[in-house]
Amino acid sequence: MLPPAQVSIMAVQFTIPLAFKDLLQSGGVGQYVVQEVLPVQQLPKELHAYKAAFRSQGPKCVLQHFDSLYSIIYHFRSVDVALKEDLLEHLVKANSQHASELPSVLEDLSLATAERNLHLNTLKMNCFLLLHLVEAFEVETYQAALGNVEPSGKGRKAKSKTDGFVWENERENVLQTITHLLQLDIRRLWSMSLIEEEFISMVTGCCYKMMENPSIGALKNKSLWEALSHLLGVAVKRSNDTLSVSVKVIQLLQHFEHLAPVLVHAVTLWATEYGMKSLVGEIMRKIGQKSCQDLSRESSAVKTLYTFITQLSEKIPAIMMPNISVLLDYLDGEPYMMRNAVLTVIGEAVVRILSGDNLNELEKKTRDNFLDTLQEHIHDVNVYVRSCVLQIYNRIVQEKALPLSRFQSVVTLVVGRLFDKSVKVCKNAIQVLASFLANNPFTCKLSSADLKSPLEKETKMLKELRDKERVKPPVVIISAQEEWEAMLPEVQATLDALEQEDIEEGDESIEVVDSPQKLCEHILSLLKNVSYKNAIRMVKKGKALFPEDPLFSVDQEETSILEKIFTAKDKDIESTNQVTEVASEQSEEQKSELNKQEMLVQYLTDAHHFAVKIEEAIDIISKMMYEAASSVVQEVIEFFVTVSQFGVPQAVIGVRRMLPLVWSKEPGVRDAVVGAYRQLYLCASSEPERVKAQNLIRNLSLLMVDSSAGVIQSLEEIVLEFVQKGEIRPSVTQLLWEKFTLKVPCSDIERRAAVMMLGMMSRGQPEIVLSNLETLVTVGLGQDAQKDYQLAREVCNCILKITGGQKSTLEKKPPPPRLARDHCLFQNLTEVVVGGITQQSLHWLTFKETAIKLVYELGEEPEEISADILHKCSQQVLQELNSQGEAATVPAFLLAHLLSLAGDVALQLVVHLECTVSAELRRRRVLKEEQEAEKLGKNKQRKSKANESMDEDLGLVGASADDTEAELIQQVCDKELLNGQQYLSAFLPLVLRVCKNSGKYNDPALCTAATLALTKFMMISSDFCDSHLRLIFTLLEKSPLPGVRLNIMIALGDLSIRFPNLIEPWTPHLYARLRDESREVRRTSAIVMTHLILKDMVKVKGQVSEMAVLLIDSDQEIASLAKNFFTELSNKGNAVYNLLPDIISRLSDPDCGVEEESFHTIMRHLLSYITKDKQTESLIEKMCHRFRTARTERQWRDLAHCLSLLPFSEKGLCKMQDCFDCYGDKLSDEAVYKSFLTVIGKMRRGAKPELKAQIDEFEHKLNVCHNKGLENMDVPGETIQNGDVPLTVKNPPGKRRPLKSVNRAAKASEDSEFRTPKSRVSRKNVKKVTVTFSSDEESDYEAELSEADTPKNTTPIRRTSTRSRAR
């Protein structure tokens, strides 16, 4: 029997309300209503009563205690935490127990209605209470996360410590309980066997509420994702309402960014485990119905949809592929992320579904359409879409899902993306090309040169096979028996007809034959010609003429004889048939061979084209190492590692080009370079140590062949790191010594490379050279040294490496060890240098320079050793002079060798004094001071401690002593080294004579050597330098030899650092070389001026515009140097900003400026460095005011174009409006007007509504002035108002004038280029500067600048000679 309360409740129907509090309101007849919400104080007692009832009655006790449990949830925020936890625990138990009881109830077919209603109400009530309690816990947790309430609530802290209750840990258990309940066939509890919609909505609503909590998106809650997905899957499966679920999924995606991965997991589970594949299509259809305009306004929703679609395509690509069609409209829409999503789905379909060789025709067509779509969007207008497509292609190539037929087109497109403006796109393009290389189906060694020869060979062979194939097709052969059977009816009819005719009539026309064989041939011929009547007559006559012949015997019929004659021909052609069969077999073989050959040629053609494209990409990518971001640089490095592993010959260019990046300030780039070389040359392998050493030496030697000094120095830095980390094995060192000593046969180049590598390694391990110094000297500088001066030079460099790391310090360390004067090293050096001075060898010059440097680095009394070498060489020259007899001339190369040697000795002597001697003096002084300090008593030290500390704070300790030592060294250089008593002074007259008489001594090598020697002598003494600067600058401007001008520029760079005050007045002449006609001179001048300007050794003035002109130089290397210069200059504060006014004025000058297009190119680059708003506003104002002083229309256009290149803000617009009077009258010029319209267009982008109104007003004002100006131009003689400059051109623009002519008035206008100039006071009796020459013949270039033309330190005098500059 049921309790009375339960019997009464069975008559009441529990209806699930729309809202929790709706149960407090009376509903319809027979519906359950909560009678009273109990106060909080009674709730513990009521819960205790419920727990007792649950123990006795089970889950049905909820029918009597529903109101009390409802009251606990109603007062959820006020009740004790323990009460909530007890309620949750018992509700979970009640639902779980009810789930275990229901199967037996549901199986009872004779279940009474009252009993069914009882279980239904129990199910509804327990689920209602549990699910709303879950929602309450979720709200509390979410608010706690936001900081609105205490995370644990009242009493939660103590309870948590004892019971360890954490709601996040209970979620999964609750969801599993409800899921287990729904998995039963509970629909039988309802009258129509259909679960009511409100019950399903209550369950799903709780799940959706739980999903809204942002913490659920964390990966640590993946088990919770699983439980939610299963519960929702069961609920949706029971209701079969996919439409409402799809709508809810879209709503959740639009409002909650964290739900994308959660819903991806859920939808994947529904489609795979619950069979609801149609739900995926419904969701995609809902997404596809959204307009692009709406999505453009919801950036967060677009991002979430993108994540959802892409991740879903990765999980279930086969289910997503049929639904791609509903998303294709987004490929033409504005939101780029939706385009990326669709393209990603396409990529996943190609990789996971449409790959392999077992595709049918429909699948192949679909795949090709998808790939066509990807190729179209590789040129998408959006950077991120282009990048996404490249990433998709990267995966397709890596998964080997790209058909071979598309390799050519895709590689071509990817190579084109290397020119993309976006760094991200370039980076991805490089990655795709690397993947193409790593996964190419052709060969492991890709070289177009190696593939070209076999391709041509196989193509020729294919052509020959095709020519053989071009023969007549075989004819179908019909046997003679088959022919006879076809002829027999007609022959028989003819025979019957002849029997009725008079046989005598035909005998007269029959020819007479004398043998049966001829008769048979004749009959056969008649049968072939279908002359059956005559053939029969001939048979009858044969029977009469040759009765003894077996064929024509009397007892045989005519048809039998004819058959035998006709079919006898098969025997004749039987051999022919055999030949035909053999030929047919040969034809089949030829056809098979032809097919194989065609496949081979196609393979080689594809491989060759792929190799050509990779080589083209290598050339492009190698240029990106120094122009792109560091991330791209690292991708470039990885690419060249991949290319090198595939044996592409051009890879060595990139590998060599990346070497200087080892000096990069970016740690990632430097590490990438070192790692690349480690991977290329030091990778672990199973080969013997000897073989690995040979490979390493060979590869590094290839890098050093024909490399510049900078590349070799960079390689040395990498080798140093390898040595320091112990990554180079002793077997490598051993093999290098064997190559050097020729124990292992090798070429001269390999031998020199071995010495260079030994020197590189000695920086990390000096004992490599020190322990074998005698071997180096004996073998490298012995008797055979004069045969190979390159090897001798590298030996000297190798020995120098052991002193390279020793720097001068102020410490009391002993000086570096030096070798005695009589050491075999210096003896051998002297012999080799002296013995080679009479040899006409270019390599001797570089060798003796290194040898002199080695003497000063390692020798004791180096000045004595060098003086001895110089003396012996002079004697050699004098002997040569005396041997000439009366001619008394010496070869020019001999004199050049002597002067070059003297210059090297002079320079190294200065270096020795400034560095070594000065450091030794400081070391001795410090040591002496410390010894004196030790002698003093401790008391005196304490007394002087305060004074010493003060001196240290002021930086005065040792300063006066250092100045004294520097003055001493300088005095020695100025007064002693070049006086008449020193050996160097003996060479000065000869050097000066050659330099001053370049017309007489016109040998290029001699002139170059003498000039270099002069500049090295000038490094010694400031007085000597000052007295000969005029000669040097004359040679710099007048010398016709580019080598002389080039070397002078290099020397002047050094002189600017040593004697800056002397060179500063001559700065304009340095800038002038930037316009030299020689490429090498311009390049060297750009490098020298870059170093001087960036080191603040030269004052940067308006003449820096000459550097700007190099931005458009025809030589790409020079243009790149100019770009690097301005990039570095832009890092020095406001340097570029301060120089821009002068640069614009000079370059737009009608007399010496540049062409208009070139001006645009230069300014586009320079103005890109202006990024600060204040700088932009100031430039706008200055340029607007400059319109007033502009003399020509060309200057108007240039200024307007510069304005159009600047980034504009609201303040910039205000500046433009304030200065409108400055340029308003210039708007009649069409180019000026268009430039201002460009400014308007830039300001409109992203402008706010209030700013747009201001822009419209400004544009209207521009249009009015432009149209008014055009009208005024039609009125002759109309006066220009507002004090503007008339449109008359005083000096029409022409060719660029030499720089010296511009410098005449440069000083007067430098400070006022962007202001209205004041009236100038006329200057009278200005003395003109002239140029005098030392001879009457100007063609000899023996001119020197006159004294009046020599710049002074105070005010530099610019030349005003009418003579044109030497080009």
Start with the C-alpha gap between T304 and Q254, add the side-chain angles, then the distance that decides, and say whether side-chain contact (heavy atoms from CB on, under 4.5 Å) holds. CA-CA 7 Å; T304 310; Q254 285 182 300; over 6 Å; no
Exercise: identify the closest heavy-atom pair between [X] and [Y]:
{"X": "L295", "Y": "P335", "result": "CB-CG, 4.1 Å"}
{"X": "A271", "Y": "K277", "result": "O-CG, 3.6 Å"}
{"X": "L359", "Y": "I353", "result": "CD2-O, 4.0 Å"}
{"X": "P317", "Y": "E348", "result": "CB-O, 4.4 Å"}
{"X": "Y393", "Y": "L371", "result": "OH-O, 3.5 Å"}
{"X": "K84", "Y": "F76", "result": "CE-O, 2.8 Å"}

Output every pair passing salt bridge (charged side-chain N to carboxylate O under 4.0 Å, His left out) with a member in residues 312-341, not counting sequence neighbours, ordered by first then second residue.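 Counting only pairs at least two positions apart or across chains, the salt bridge (charged side-chain N to carboxylate O under 4.0 Å, His left out) contacts touching residues 312-341 are R339-D380.
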For the side chain of [X] and the backbone of [Y], is there at least one donor-acceptor N/O pair under 3.5 Å apart?
{"X": "H48", "Y": "P44", "result": "no"}
{"X": "H258", "Y": "M211", "result": "yes"}
{"X": "N213", "Y": "I216", "result": "no"}
{"X": "S355", "Y": "A401", "result": "no"}
{"X": "N394", "Y": "L390", "result": "no"}
{"X": "S435", "Y": "Q431", "result": "yes"}
{"X": "K427", "Y": "E635", "result": "no"}
{"X": "H255", "Y": "Q251", "result": "yes"}
{"X": "E363", "Y": "N360", "result": "yes"}
{"X": "N126", "Y": "L123", "result": "no"}

Which distance, rounded to the nearest 0.5 Å, do you find between the [atom1] of [X] and the [atom2] of [Y]?
{"X": "L263", "Y": "L228", "atom1": "CG", "atom2": "CG", "value": "10.0 Å"}
{"X": "M202", "Y": "C207", "atom1": "CE", "atom2": "SG", "value": "10.5 Å"}
{"X": "L23", "Y": "Y32", "atom1": "CG", "atom2": "OH", "value": "8.0 Å"}
{"X": "D368", "Y": "Q375", "atom1": "CG", "atom2": "CD", "value": "9.5 Å"}
{"X": "T268", "Y": "E273", "atom1": "OG1", "atom2": "CD", "value": "10.5 Å"}
{"X": "C127", "Y": "L182", "atom1": "SG", "atom2": "CG", "value": "7.0 Å"}

What residues, two or more places apart in sequence or in another chain, satisfy side chain to side chain donor-acceptor pair (under 3.5 Å) together with R386?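 Residues passing side chain to side chain donor-acceptor pair (under 3.5 Å) with R386: D420.
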Are any non-hydrogen side-chain atoms of [X] and [Y] less than 4.5 angstrom apart?
{"X": "F20", "Y": "E135", "value": "no"}
{"X": "R367", "Y": "P403", "value": "yes"}
{"X": "L69", "Y": "L47", "value": "yes"}
{"X": "M321", "Y": "F370", "value": "yes"}
{"X": "E197", "Y": "S239", "value": "no"}
{"X": "L269", "Y": "W225", "value": "no"}
{"X": "L102", "Y": "L181", "value": "yes"}
{"X": "E46", "Y": "D67", "value": "no"}

Residues that K290 engages under salt bridge (charged side-chain N to carboxylate O under 4.0 Å, His left out), provided they are two or more places apart: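 Partners of K290 by the salt bridge (charged side-chain N to carboxylate O under 4.0 Å, His left out) criterion come out as none, since no residue qualifies.
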Do [X] and [Y] pair up side chain to side chain, a donor and an acceptor below 3.5 Å, judged on atom types alone?
{"X": "N95", "Y": "T177", "result": "no"}
{"X": "H230", "Y": "Y274", "result": "yes"}
{"X": "E140", "Y": "W167", "result": "no"}

Before giving the answer on side-chain contact (heavy atoms from CB on, under 4.5 Å), spell out for N439 and L402 the whole-Å C-alpha distance, their side-chain angles and the decisive distance to 0.1 Å. CA-CA 10 Å; N439 299 279; L402 186 68; over 6 Å; no
For a side-chain contact (heavy atoms from CB on, under 4.5 Å) check, start with the C-alpha distance between I309 and T344, then their side-chain angles and the critical distance, and finish with the verdict. CA-CA 9 Å; I309 294 173; T344 303; over 6 Å; no
Once the angle between the rings of Y384 and Y336 is folded into 0 to 90°, is it parallel (under 30°), tilted (30 to 60°) or perpendicular (over 60°)?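 Rings of Y384 and Y336: parallel, under 30°.
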Would you check if the distance from the ring center of F128 to the ring center of F199 is below 6.0 Å?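 F128 vs F199: aromatic centres not under 6.0 Å.
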Can E399 and R352 be said to form a salt bridge (Lys or Arg N to Asp or Glu O under 4.0 Å), step by step? CA-CA 9 Å; E399 297 293 334; R352 306 271 293 278; over 6 Å; no
If the test is ring-ring contact (aromatic ring centres under 6.0 Å, His included), which one of Y50, Y74, F14 qualifies with F66?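 The option that passes is F14.
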Would you please test V247 and E282 for side-chain contact (heavy atoms from CB on, under 4.5 Å) and show each step? CA-CA 9 Å; V247 172; E282 192 66 36; over 6 Å; no
Set out, in order, the CA-CA distance, both residues' side-chain angles and the distance that settles salt bridge (Lys or Arg N to Asp or Glu O under 4.0 Å) for E226 and K222, then state yes or no. CA-CA 6 Å; E226 189 80 12; K222 207 160 188 179; over 6 Å; no
Show your working on salt bridge (Lys or Arg N to Asp or Glu O under 4.0 Å) between E115 and K60 and close with a plain yes or no. CA-CA 11 Å; E115 186 70 17; K60 296 177 184 178; 3.6 Å; yes
